[in-house]
Amino acid sequence: MSKTKKTGAGHYEILFIVPNKFTEDEAKKIATKVDAMIVETEGKVTFSEFWGKKKLAYKIKNNEYGYYGLFEFDLEKENLAKIDNNLRLSTEILRHQIVIKKIKTEAELKREEEIRVKIDSKKAKEVKVEKTGVKKDFKEEKTDKTTSVKKAVASKSSGLKELDEKLEGILNADDLI
Amino acid sequence: MATKKAKECYFCVNNLEVDYKDIRTLRKFINFYMKILPGSRTGVCAWHQRKLATAIKRARVMSLLAATHK
Ligand SMILES: [Zn+2]
């Protein structure tokens with residue numbers, strides 16, 4: 001924190017634990033209190049989530065269970081200490097952690113999308129190779145089950161057409177029997 | 001058992017970000033005694049290994065992961 005600038009806007013994420021002595025509804029109320037606390041200090045909540053009751057990995061002040069709450073918010077850097085202090089003093093919150101959350105720029109998002117498309121195409125290729133390796137008898141037996149999966153995988157229309165033809169053939173055969 | 005064959009980084013290959021709340025993923029890089037495994041063993045690249053270490057430590061603070069095995 002010392003190296004970063006002390007003024008300006010930032011994007012943060014807070015995760016907190018409400019002790020088990022409260023009920024779920026009370027825990028949710030406490031979560032809204034945290035929300036109000038952020039709004040009070042001129043923050044803007046962009047995302048919120050209530051995880052519900054979870055078992056803690058280790059006991060904290062003799063609590064074995066706790067309710068988790070999550071908020072993402074924009075805030076001026078100078079106001080962050082206030083929230084941190086308020087939460088630390090609060091008896092309704094067992095533990096909390098504020099983390100700097102990076103906001104992705106458009107260029108980064110675009111690049112990520114490109115990579116995702118590349119990976120997907122690579123995976124699709126691998127699946128196709130697997131498909132051709134399967135024996136024919138086996139294929140015919142299990143077409144009914146596997147077609148739904150194959151349809152989801154096959155992105156090109158040519159594969160779908162082949163499948164449709166095969167399906168029709170099988171259906172006709174069934175009618176004959 | 002360190003494998004001679006170079007593994008690929010799990011986060012680079014799957015285009016994932018390291019998130020301290022995603023315990024299921026973090027679990028893969030922790031041993032039975034809840035210690036952080038070296039990148040040389042898991043194949044995670046140095047850049048992601050640094051992110052992973054901080055993520056695991058953050059998860060420990062929030063009691064999402066145990067710091068020790070009982
Ligand atoms: Zn990596």
Side-chain angles (χ1 to χ4, degrees), chain A residues 1 11-20 47-72 84 87-88 93-105 108-123 126, chain B:
Chain A
M1 281 298 275
H11 192 61
Y12 304 96
E13 184 186 78
I14 179 169
L15 185 69
F16 57 90
I17 308 173
V18 179
N20 193 26
F47 178 78
S48 69
E49 201 174 32
F50 189 75
W51 294 3
K53 197 172 170 180
K54 278 189 81 172
K55 195 177 183 196
L56 304 177
Y58 52 87
K59 279 187 188 175
I60 304 173
K61 290 187 181 172
N62 251 334
N63 285 286
E64 252 188 277
Y65 294 87
Y67 303 94
Y68 281 87
L70 179 78
F71 284 111
E72 242 178 73
D84 200 23
L87 288 171
R88 211 173 56 234
I93 283 162
L94 203 58
R95 191 168 286 192
H96 73 278
Q97 189 176 46
I98 300 172
V99 166
I100 297 169
K101 184 106 180 177
K102 208 185 162 193
I103 310 173
K104 284 174 196 166
T105 57
E108 278 172 335
L109 281 173
K110 211 178 175 185
R111 198 168 160 264
E112 229 169 59
E113 188 61 38
E114 278 171 15
I115 293 166
R116 194 163 295 149
V117 170
K118 254 188 198 174
I119 288 169
D120 285 345
S121 65
K122 214 179 185 181
K123 274 183 187 169
E126 279 169 14
Chain B
M1 277 274 284
T3 47
K4 281 181 186 175
K5 198 180 162 190
K7 283 182 194 169
E8 281 173 314
C9 172
Y10 176 82
F11 297 99
C12 287
V13 169
N14 295 310
N15 193 24
L16 287 172
E17 266 179 62
V18 187
D19 184 8
Y20 79 96
K21 303 184 295 296
D22 185 5
I23 306 153
R24 234 187 226 186
T25 308
L26 297 184
R27 275 260 170 198
K28 291 179 186 177
F29 306 98
I30 292 173
N31 74 358
F32 179 74
Y33 298 103
M34 294 293 164
K35 294 179 96 176
I36 302 170
L37 290 171
S40 58
R41 182 172 152 178
T42 52
V44 177
C45 67
W47 194 78
H48 276 117
Q49 183 69 19
R50 290 198 294 274
K51 312 271 156 195
L52 190 65
T54 48
I56 290 167
K57 285 164 192 173
R58 278 171 178 175
R60 281 175 184 166
V61 168
M62 290 311 285
S63 192
L64 296 167
L65 280 178
T68 56
H69 162 67
K70 290 239 163 154

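Per chain, numbering begins at 1; letters A, B, ... match sequence-line order.
- Around atom CH2 of B:Trp47, no more than 12 heavy atoms belonging to other residues, nucleotides or ligands sit under 6.0 Å away.
- A:Leu15 touches chain B through backbone and side chain together, each having a heavy atom under 4.5 Å away.
- Nearest heavy atoms, B:Ile23 versus A:Lys54: CD1-NZ, 4.1 Å.
- For A:Leu70, the part sitting under 4.5 Å from any heavy atom of chain B is the side chain, from C-beta outward, and nothing else.
- The structure places CZ of A:Arg111 at 8.5 Å from CG of B:Asn15, a figure rounded to the nearest 0.5 Å.
- In this structure, chain B has heavy atoms under 4.5 Å from both the backbone and the side chain of A:Glu112.
- Interface remark: B:Leu64 contributes backbone and side-chain atoms alike to the contact with chain A (heavy atom separation under 4.5 Å).
- Considering only heavy atoms from C-beta on, B:Lys21 stays 4.5 Å or farther from A:Tyr68 through its side chain.
- When every heavy atom of A:Tyr58 is checked against every heavy atom of B:Leu65, the shortest pair comes out as CE2-O, 3.7 Å.
- Proximity to chain B (any heavy atom under 4.5 Å) is restricted, for A:Ile119, to the side chain, taken from C-beta onward.
- At a 4.5 Å heavy-atom cutoff, the contact between A:Lys101 and chain B is made by side-chain atoms alone.
- For B:Arg60, the part lying near chain A is the backbone, with the side chain staying farther off; criterion is any non-hydrogen pair under 4.5 Å.
- Heavy-atom distances place no part of A:Lys59 under 4.5 Å from chain B, backbone and side chain included.
- Distance CD/A:Gln97 to OG/B:Ser63: 11.5 Å, rounded to 0.5 Å.
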